[in-house]
Enquirer: 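Sharing a structure, written as structure tokens. Questions coming.
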Amino acid sequence: MNFWKKLLKDRIALASLGIILGVIFLGIFAPYIAPHDPLAVNLSHKFAPWGSEYPLGSDYLGRCVLSRLLYGIRTTIFFALFAMFITVSIGVILGVLAGFFHKAEGVILRFCDIMLSFPSELLMLAVVGILGAGIVNIIIAHIVAKSAWYIRMIYSFSISYQKKPYILFSKTCGNSSFTIIRKHLLPVLFADIVMLATLDAGGVILSISGLSFLGLGVQPPTPEWGMMLSEAKNVMSIAPMEMFPPGFMILIVVAAFNFLGDSLRDVLDPQYYSSEAKI
């Protein structure tokens with residue numbers, strides 16, 4: 001309850017959460033909200049100005065920018081959250097195993113050391129270069145590049161929580177390791193996992209959009225914000241306003257996730273918050 005009270009007092013966190021939930025809502029109901037088919041080509045209306053028929057104008061093929069922006073939420077945000085879910089799940093499973101079972105610790109941590117020796121962006125580009133362009137391959141690349149970092153973080157959290165009195169008492173009572181993990185460790189890890197995922201969600205969105213911008217991600221004609229930004233770049237001298245909608249949405253959503261993650265960190269880690277205040 002104390003957590004929710006602190007969070008509800010944070011206006012930035014509430015505003016950020018409202019933006020994220022609002023964008024997700026628009027993505028879910030995009031077929032009912034979008035004024036046009038996002039894939040429909042109408043060359044007679046290309047570069048249409050902002051107006052009642054095309055609220056955010058149309059692109060070089062006469063496609064409605066607003067409709068493509070709404071449908072782009074599904075590829076940009078939903079796939080980013082899906083990639084985040086898979087990566088975090090792997091991090092939790094292997095991180096907890098490494099923290100609780102010494103036989104698995106050496107193997108898992110040495111694997112993490114090897115993976116963390118490569119820059120994550122370079123590793124993602126290498127994986128996409130090997131597997132080829134496409135949203136599925138981007139998700140695989142993100143899992144390969146980011147899992148080791150999550151494993152390391154969850155491992156360090158698990159080690160610190162094992163020293164808590166209630167976990168030590170549970171071990172003394174003879175409870176099995178899996179019972180301790182399920183009943184005592186995972187519930188306290190949940191808040192840390194949410195904080196890490198929220199802080200990193202903006203980076204995942206930028207990765208998907210960045211690779212699509214470079215032509216390595218989502219392929220035409222599927223709407224995606226990074227790809228829309230790339231297409232608008234090619235006609236920037238003719239229709240400069242085309243770059244504004246996808247660029248603005250990427251900025252707003254990434255900033256919302258970052259602000260929400262900072263707020264969650266302040267609420268969940270009072271010691272960090274107090275040290276920042278002293279500075």
Side-chain angles (χ1 to χ4, degrees), residues 19-20 22-83 121 124-125 127-142 201-257:
I19 291 172
I20 294 169
V23 170
I24 292 174
F25 176 85
L26 292 175
I28 293 173
F29 294 98
Y32 306 99
I33 301 173
H36 299 278
D37 182 349
L39 304 180
V41 175
N42 190 348
L43 293 177
S44 62
H45 288 161
K46 67 178 182 178
F47 299 130
W50 294 19
S52 57
E53 185 176 2
Y54 295 100
L56 295 179
S58 63
D59 63 7
Y60 69 105
L61 293 177
R63 298 173 298 189
C64 178
V65 173
L66 177 60
S67 300
R68 291 181 63 78
L69 201 68
L70 292 172
Y71 275 87
I73 297 172
R74 298 184 167 195
T75 49
T76 305
I77 307 298
F78 292 178
F79 280 114
L81 295 178
F82 176 73
E121 292 79 8
M124 288 184 67
L125 286 173
V127 173
V128 173
I130 294 172
L131 299 179
I135 188 62
V136 175
N137 294 336
I138 288 181
I139 293 174
I140 295 173
H142 178 269
V204 182
I205 295 171
L206 287 176
S207 296
I208 291 178
S209 298
L211 290 173
S212 297
F213 180 84
L214 296 174
L216 299 174
V218 179
Q219 299 299 301
T222 304
E224 196 279 330
W225 293 349
M227 188 187 63
M228 290 176 63
L229 201 58
S230 178
E231 292 176 343
K233 171 183 64 69
N234 297 328
V235 295
M236 185 171 58
S237 59
I238 303 173
M241 288 302 293
E242 271 198 40
M243 297 191 69
F244 179 76
F248 179 76
M249 288 302 297
I250 293 173
L251 172 65
I252 289 296
V253 173
V254 172
F257 273 110

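Position 1 is the first residue of the sequence, and the numbers go up from there.
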Enquirer: Might you point out which heavy atoms bring Pro221 and Leu39 nearest each other, and give the distance in Å?
Expert: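 Minimum heavy-atom separation between Pro221 and Leu39: O-CD2, 3.1 Å.
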Enquirer: Where is the tightest heavy-atom contact between His142 and Val204, given as atom of each residue plus distance?
Expert: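 So the minimum-distance heavy-atom pair works out to NE2-CG2, 3.1 Å.
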Enquirer: What are the two closest non-hydrogen atoms of Glu224 and Ile208, and how far apart are they?
Expert: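 So the two residues come closest at OE2-CG2, 3.9 Å.
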Enquirer: Is a side-chain N or O of Ser209 found less than 3.5 angstrom from the main chain of Leu206, in a donor-acceptor match?
Expert: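 Judged by distance alone, no pair lies under 3.5 Å.
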Enquirer: Taking the side chain as every heavy atom from C-beta outward, state whether Pro245 and Arg68 have any atom pair closer than 4.5 Å.
Expert: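 Not in contact.
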Enquirer: If we only count heavy atoms from C-beta on, is the Asp59 to Glu242 side-chain gap below 4.5 Å?
Expert: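 Result yes, sub-4.5 Å side-chain heavy-atom pair found.
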Enquirer: Please report the shortest heavy-atom distance between Ala256 and Ile20, naming the atom on each side.
Expert: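 Nearest heavy atoms, Ala256 then Ile20: CB-CG1, 3.9 Å.
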Enquirer: Ring-plane angle category for Trp50 and Phe244, please: parallel below 30°, perpendicular beyond 60°, tilted otherwise.
Expert: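 Aromatic pair Trp50/Phe244 classed tilted.
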Enquirer: Does Ser212 reach the main-chain N or O of Val218 with its side chain, forming a donor-acceptor pair under 3.5 Å?
Expert: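 Pair found, side chain donor or acceptor close to backbone of Val218.
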Enquirer: Does Asn137 reach the side chain of Ile130, with side-chain heavy atoms less than 4.5 Å apart?
Expert: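 Counting from C-beta outward, Asn137 and Ile130 never come under 4.5 Å.
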Enquirer: Short question: side chain of Arg74, backbone of Gly27 - any donor-acceptor pair under 3.5 Å?
Expert: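 Judged by distance alone, yes, a pair lies under 3.5 Å.
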Enquirer: Do other residues, nucleotides or ligands put more than 12 heavy atoms under 6.0 Å from the CE atom of Met236?
Expert: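 Not more than 12 within 6.0 Å, no.
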Enquirer: Please report the shortest heavy-atom distance between Tyr71 and Pro38, naming the atom on each side.
Expert: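 Smallest heavy-atom distance, with atoms named: CD1-CG, 3.4 Å.
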Enquirer: Under a 3.5 Å distance rule, please check whether His36 uses its side chain to pair with a backbone N or O of Val65 as donor and acceptor.
Expert: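 Checking the backbone N and O of Val65 against the side chain of His36, no donor-acceptor pair under 3.5 Å is found.
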Enquirer: When you measure from the side chain of Ser58 to the backbone N and O of Phe47, does any donor-acceptor pair fall under 3.5 Å?
Expert: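 Flag set: sc Ser58 to bb Phe47 pair under 3.5 Å.
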Enquirer: With ring centroids as reference points, do Phe29 and Phe25 lie under 6.0 angstrom apart?
Expert: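 Yes: the rings meet the under 6.0 Å criterion.
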Enquirer: Which heavy atom in Thr75 sits nearest to a heavy atom in Ile135, and how many Å separate them?
Expert: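 The pair with the smallest heavy-atom distance is O-CD1, 4.3 Å.
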Enquirer: Has the side chain of Thr76 got a donor or acceptor atom that lies under 3.5 Å from a matching backbone atom of Trp225?
Expert: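 Checked: pair present.
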